[in-house]
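Taking it in order: structure first as structure tokens, then the write-up.
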Amino acid sequence: MYAYRELSPLDDDWEGWKISKEKLITPDGWLLTPDRIVMGNALIEIGASDELRFQREVLRTARML
């Protein structure tokens with residue numbers, strides 16, 4: 001898993017995702033570290049567990065950044 005690998009064999013939901021060294025690479029080319037993944041999940045959990053609209057806005061804004 002340390003080498004540049006596709007994750008799509010795991011499940012169709014992972015289509016376009018890759019792993020390289022210590023980073024997870026999204027289909028859009030974002031490099032995610034474990035800290036970033038935990039932070040993103042925490043932001044969703046603390047502010048938007050009941051508000052799907054808010055979650056969509058956060059994700060849309062994050063993608064634009």
Side-chain angles (χ1 to χ4, degrees):
M1 295 295 286
Y2 195 72
Y4 194 75
R5 304 277 178 148
E6 291 274 339
L7 296 180
S8 55
L10 298 175
D11 189 272
D12 288 343
D13 290 338
W14 288 102
E15 186 69 36
W17 290 77
K18 299 172 183 69
I19 192 163
S20 180
K21 298 187 181 179
E22 71 278 359
K23 294 183 174 71
L24 184 63
I25 304 167
T26 70
D28 296 328
W30 293 10
L31 301 176
L32 301 175
T33 61
D35 290 342
R36 284 181 174 238
I37 294 168
V38 170
M39 177 65 74
N41 188 60
L43 289 171
I44 290 170
E45 289 293 321
I46 63 172
S49 60
D50 297 326
E51 300 178 24
L52 291 176
R53 185 180 62 79
F54 181 74
Q55 288 179 357
R56 285 188 210 112
E57 288 295 321
V58 168
L59 289 173
R60 188 175 322 148
T61 301
R63 287 182 185 126
M64 289 187 316
L65 295 175

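In this structure, the side-chain contact (heavy atoms from CB on, under 4.5 Å) partners of N41, at least two apart in sequence or on a different chain, are E45.
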Evaluate the side chain to side chain contact (heavy atoms under 4.5 Å, CB included) criterion for residues W17 and T26: first the C-alpha distance (whole Å), next the side-chain angles of each, then the deciding distance (0.1 Å), finally the verdict.
CA-CA 5 Å; W17 290 77; T26 70; 3.5 Å; yes
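Between L24 and K18, the shortest heavy-atom contact is CD1-O, 3.4 Å.
With hydrogens and angles ignored, the 3.5 Å screen pairs a side-chain donor or acceptor of D11 with a backbone N or O of D13.
Separating the OG1 atom in T33 from the CE atom in M39 is a distance of 10.0 Å, to the nearest 0.5 Å.
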